[in-house]
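To start, the structure under review is shown below, and the notes come after it.
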Amino acid sequence: MKNDLINELFINKTNVIYRYLLKIGCNKCDAEDITQETFYKALTYIEGIDTAKMSSWLFRVAINKYYDVCRKRNSHVHVSIDEDVLSEKLSDDFLCEDYILNLERKQDILVTLNSLNDTYKNLLILKYDINLSYKEIADVLDININTVKTYLARARKQFEKNWRMIENE
């Protein structure tokens with residue numbers, strides 16, 4: 001086993017997978033546990049994992065572990081809002097009214113995002129929140145890059161449709 005592979009595994013992917021789990025609604029404690037279990041499993045089976053598909057393998061294991069946690073708790077997967085992040089981004093020149101409007105808009109975005117199926121929701125998070133390229137998303141999900149583009153176009157269209165319905169309410 002190569003040391004550079006282990007370095008890439010832990011340094012580059014740990015934070016991305018942890019942030020992704022938080023974005024899809026996992027609480028911090030569970031996200032830490034799932035990330036740790038994912039990398040433990042990776043180290044256990046490192047010899048049998050294709051190095052070209054390491055990233056997609058890690059994401060798939062983490063997502064499956066997250067869904068297992070949700071099934072055990074009999075809960076539905078929801079993207080969560082991190083109030084601390086929003087508060088940090090607000091500067092002193094924002095008015096209280098702007099802060100409240102930002103919170104309401106953020107809540108509407110989350111409601112719209114949670115109304116999408118899991119595939120579309122995951123693609124939108126990977127592309128626009130985690131800022132992965134089409135190629136990186138294709139590698140993570142182990143699908144063709146053209147499929148990523150097609151599904152993202154459909155996801156954006158569905159998001160826009162659901163967004164308009166929420167705004168009209």
Side-chain angles (χ1 to χ4, degrees), residues 13-35 37-38 55-169:
K13 303 297 180 195
T14 305
N15 192 32
V16 173
I17 289 176
Y18 175 75
R19 284 188 352 222
Y20 174 72
L21 288 168
L22 292 176
K23 294 298 179 181
I24 63 172
C26 191
N27 65 47
K28 289 181 181 183
C29 184
D30 286 340
E32 290 170 358
D33 290 344
I34 291 169
T35 303
E37 290 173 22
T38 299
S55 182
S56 63
W57 188 90
L58 290 169
F59 268 91
R60 183 55 38 210
V61 169
I63 290 168
N64 288 340
K65 286 189 178 296
Y66 174 61
Y67 289 153
D68 288 344
V69 168
C70 289
R71 271 192 294 276
K72 286 179 184 173
R73 293 188 181 148
N74 197 20
S75 62
H76 185 67
V77 177
H78 282 287
V79 176
S80 63
I81 186 168
D82 191 353
E83 297 294 332
D84 296 333
V85 172
L86 183 61
S87 299
E88 289 173 9
K89 290 185 178 182
L90 293 174
S91 61
D92 292 336
D93 59 342
F94 266 111
L95 300 173
C96 183
E97 182 178 316
D98 292 334
Y99 177 78
I100 292 170
L101 288 173
N102 282 336
L103 283 177
E104 288 176 359
R105 177 162 292 140
K106 195 80 146 162
Q107 190 62 36
D108 288 345
I109 290 170
L110 291 173
V111 167
T112 305
L113 199 55
N114 284 322
S115 70
L116 301 175
N117 70 42
D118 288 340
T119 302
Y120 288 171
K121 182 178 5 178
N122 288 335
L123 284 168
L124 290 172
I125 290 170
L126 288 171
K127 178 64 179 164
Y128 297 107
D129 205 8
I130 308 287
N131 294 319
L132 296 181
S133 68
Y134 291 125
K135 172 93 173 88
E136 290 170 322
I137 293 171
D139 291 342
V140 163
L141 300 177
D142 197 23
I143 58 177
N144 185 305
I145 193 168
N146 290 326
T147 305
V148 170
K149 291 177 182 179
T150 301
Y151 282 6
L152 266 170
R154 290 177 186 168
R156 284 189 296 265
K157 190 173 186 176
Q158 186 66 46
F159 182 91
E160 183 179 354
K161 178 182 173 186
N162 293 2
W163 176 261
R164 290 176 195 252
M165 286 177 21
I166 288 174
E167 285 215 333
N168 289 333
E169 292 179 354

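Heads up: numbering here begins at 1 and tracks the sequence.
Residues passing the side-chain hydrogen bond (donor to acceptor under 3.5 Å, both in side chains) test with Asp30 are Asn27, Arg73, sequence neighbours excluded. Applying the side-chain hydrogen bond (donor to acceptor under 3.5 Å, both in side chains) criterion to Asp68, with sequence neighbours excluded, gives Arg71.
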List the atom pairs, donor and acceptor, that lie under 3.5 Å between side-chain atoms in residues 146-159 and the rest of the protein, sequence neighbours left out.
from, atom 1, to, atom 2, distance (Å)
Thr150, OG1, Asn146, O, 2.9
Arg156, NH1, Tyr128, OH, 2.7
Gln158, NE2, Asn162, OD1, 2.9

Ile130 and Lys23: side-chain contact (heavy atoms from CB on, under 4.5 Å), yes or no, with the steps?
CA-CA 9 Å; Ile130 308 287; Lys23 294 298 179 181; 4.3 Å; yes

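A donor-acceptor pair under 3.5 Å is absent between the side-chain atoms of Thr35 and the main chain of Thr14, judged by distance alone.
To the nearest 0.5 Å, the span separating SG on Cys26 from CD1 on Ile63 amounts to 11.5 Å. Between the OG atom of Ser115 and the NZ atom of Lys161 there is a distance of 10.5 Å, given to the nearest 0.5 Å.
A heavy-atom distance below 4.5 Å is not found between the side chains of Leu113 and Tyr120. Looking at Thr38 and Lys65, their side chains come closer than 4.5 Å, going by heavy atoms from C-beta outward. Between Ile24 and Lys121, the closest side-chain pair of non-hydrogen atoms is not below 4.5 Å.
With respect to the salt-bridge test (charged N to carboxylate O, under 4.0 angstrom), the residues Glu160 and Arg164 qualify.
Taking all atoms of both residues into account, the shortest heavy-atom contact from Leu132 to Lys127 is O-CD, 3.5 Å.
Test Leu21, Asp33, Ile34, Asn64 against Val69 for side-chain contact (heavy atoms from CB on, under 4.5 Å) and you get one pass: Ile34.
Asn122 and Tyr20 are linked by a side-chain donor-acceptor pair at a separation below 3.5 angstrom, with hydrogens and angles left out of the test.
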